[in-house]
Amino acid sequence: MSTTPGAAPLLIACALGIEQLALRTGGDRGGADGPVTVLRTGMGPGAAERAVTRALARPALSGAAVLATGFCAGLAPGMHPGDLVVADETRDLRGTTPCVGTELLVKELARALPGRTVHTGPLTGSDHVIRGQERSELLATGAIAVDMESAATLHSAVRAGMRPVAAVRVVVDAPEHELVRIGTVRGGISAFRVLRAVLPAFFEWHRSLLLPRR
């Protein structure tokens, strides 16, 4: 991996082994402008909070930009497995964490994955898998997607120190494509392939943070 001397590190956090596998097998990391760590946090907000807090306490990652990624459940009708969600903020019971560089991520994801739909809006947190009526209730709050780790990851990141944070998720479960249905396997394969292709967009986001401000 080629890096720029002294460049700020990037911490990419995901919960599951299958998500980590997709990111690690997703092609050349040579486009990174700094050290990149892919952290598997474990499932759930508590595990994410503990893992991210511990990682950012290491001197090598103390100033890292943090990007939460992996799979999510879409809340809006018309969402499909393999769609992308770029959060403009994450939410949980502790409040809201604004994301940085949302427009750039949308542009770079469209370039990396032409033809894939990219949704932008609030990404809400949950401590359990959302199904049925709960999906409609969360949609009514204005959120467009839900997962269990992004909000905790970003909250923990900014609590550990001022830094750029973002969240990008791939829809694996949607109103018309719930995980309990027969189409789950096909949807999961689609989401896995999409997650393998996102690293170039993440690197462009990170690179933009390193540019001098005018």
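The residues of the chain are indexed from 1 along the displayed sequence.
Counting heavy atoms from C-beta on, the side chains of Leu209 and Leu10 never come closer than 4.5 Å. Looking at heavy atoms from C-beta onward, Thr90 lies out of side-chain contact with Pro122 at the 4.5 angstrom threshold. Put simply, the side chain of Val165 reaches to within 4.5 Å of the side chain of Thr97, judged on heavy atoms. Inter-residue side-chain proximity for Leu75 and Ile144 is flagged as unmet; no heavy-atom pair is nearer than 4.5 Å. Using a 4.5 Å cut-off on side-chain heavy atoms (C-beta onward), Val85 and Met79 make contact. The closest side-chain heavy-atom distance from Pro77 to Leu139 is below 4.5 Å. The shortest side-chain heavy-atom distance between His119 and Asp83 falls under the 4.5 Å cut-off. Contact annotation: the side chain of Thr41 never approaches that of Cys14 to less than 4.5 Å [non-hydrogen atoms, C-beta and beyond].
Residues Leu195 and Phe71 approach most closely at CD2-CE2, 3.9 Å, considering heavy atoms. Scanning both residues, Val194 and Gly82, for their nearest heavy atoms gives CG2-O, 3.6 Å. The heavy-atom pair separating Ala197 from Ala112 by the smallest distance is O-CB, 3.8 Å. Taking each heavy atom of Ala201 and Leu105 in turn, the nearest pair found is O-CD2, 3.9 Å. Residues Ile18 and Phe192 approach most closely at O-CE1, 3.5 Å, considering heavy atoms. Heavy atoms only, all atoms of each residue included: Ala51 and Leu39 are closest at O-CD2, 3.8 Å.
Put simply, the side chain of Thr69 gets close to the backbone of Val168: a donor and an acceptor are under 3.5 Å apart. A donor-acceptor contact shorter than 3.5 Å links the side chain of Arg163 to the backbone of Ala157. The backbone N or O of Gly74 lies less than 3.5 Å from a partner atom in the side chain of Arg135, making a donor-acceptor pair. Side-chain atoms of Thr53 do not come within 3.5 Å of backbone N or O of Arg50 as any donor-acceptor pair.
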What's the verdict on side chain to side chain contact (heavy atoms under 4.5 Å, CB included) for Thr120 and Thr102, showing C-alpha distance, side-chain angles and the deciding distance? CA-CA 8 Å; Thr120 306; Thr102 298; 3.5 Å; yes
I'd like to know whether Val171 forms a side chain to side chain contact (heavy atoms under 4.5 Å, CB included) with Cys72, so could you lay out the CA-CA distance, the side-chain angles of the two residues, the decisive distance to 0.1 Å, and finally the verdict. CA-CA 5 Å; Val171 174; Cys72 72; 3.9 Å; yes
How far apart are the C-alpha atoms of Arg111 and Glu204, what are their side-chain angles, what is the distance that settles it, and do they pass the side chain to side chain contact (heavy atoms under 4.5 Å, CB included) test? CA-CA 11 Å; Arg111 179 182 300 175; Glu204 285 300 320; 5.6 Å; no
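The hydrophobic cluster containing Val38 does not contain Leu154, counting ILVMFWY residues as joined when their side-chain heavy atoms lie under 4.5 angstrom apart, directly or transitively. Under a hydrophobic-cluster definition in which Ile, Leu, Val, Met, Phe, Trp and Tyr are linked whenever side-chain heavy atoms come within less than 4.5 Å, directly or via other members, Phe202 and Val66 are assigned to different clusters. No chain of hydrophobic side-chain contacts below 4.5 Å, direct or via other Ile, Leu, Val, Met, Phe, Trp or Tyr residues, connects Phe203 to Leu11. The hydrophobic clustering, which links ILVMFWY residues whose side-chain heavy atoms are closer than 4.5 Å, places Val172 and Val118 together. Val100 and Val52 fall into different hydrophobic clusters, where Ile, Leu, Val, Met, Phe, Trp and Tyr side chains are chained together by heavy-atom contacts under 4.5 Å.
Between atom NE2 of residue His80 and atom CG of residue Asp173 there is a gap of 13.0 Å, rounded to the nearest 0.5 Å. Here CG of Leu67 is found 8.5 Å from SG of Cys99. Values are rounded to the nearest 0.5 Å. Here the CG atom belonging to Leu23 is positioned 6.0 Å from the CD1 atom belonging to Ile12, to the nearest 0.5 angstrom. The CZ atom of Arg94 lies 5.5 Å from the OG atom of Ser156; values are rounded to the nearest 0.5 Å. Note that the CG atom of Asp92 and the CG atom of Asp127 stand 10.5 Å from one another [nearest 0.5 Å]. Atom CE of residue Met43 and atom CG of residue Leu16 lie 6.0 Å apart, to the nearest 0.5 angstrom.
The pair Glu49-Arg159 meets the salt-bridge criterion, with a side-chain N (NZ, NE, NH1 or NH2) lying under 4.0 Å from an Asp/Glu carboxylate O. Between Glu108 and Arg207, no side-chain nitrogen of the basic residue sits less than 4.0 Å from a carboxylate oxygen of the acidic one, so the salt-bridge criterion is not met.
Tested against Ser150 for a side chain to side chain donor-acceptor pair (under 3.5 Å), the candidates Arg169, Arg91, His155 yield a single pass: Arg169.
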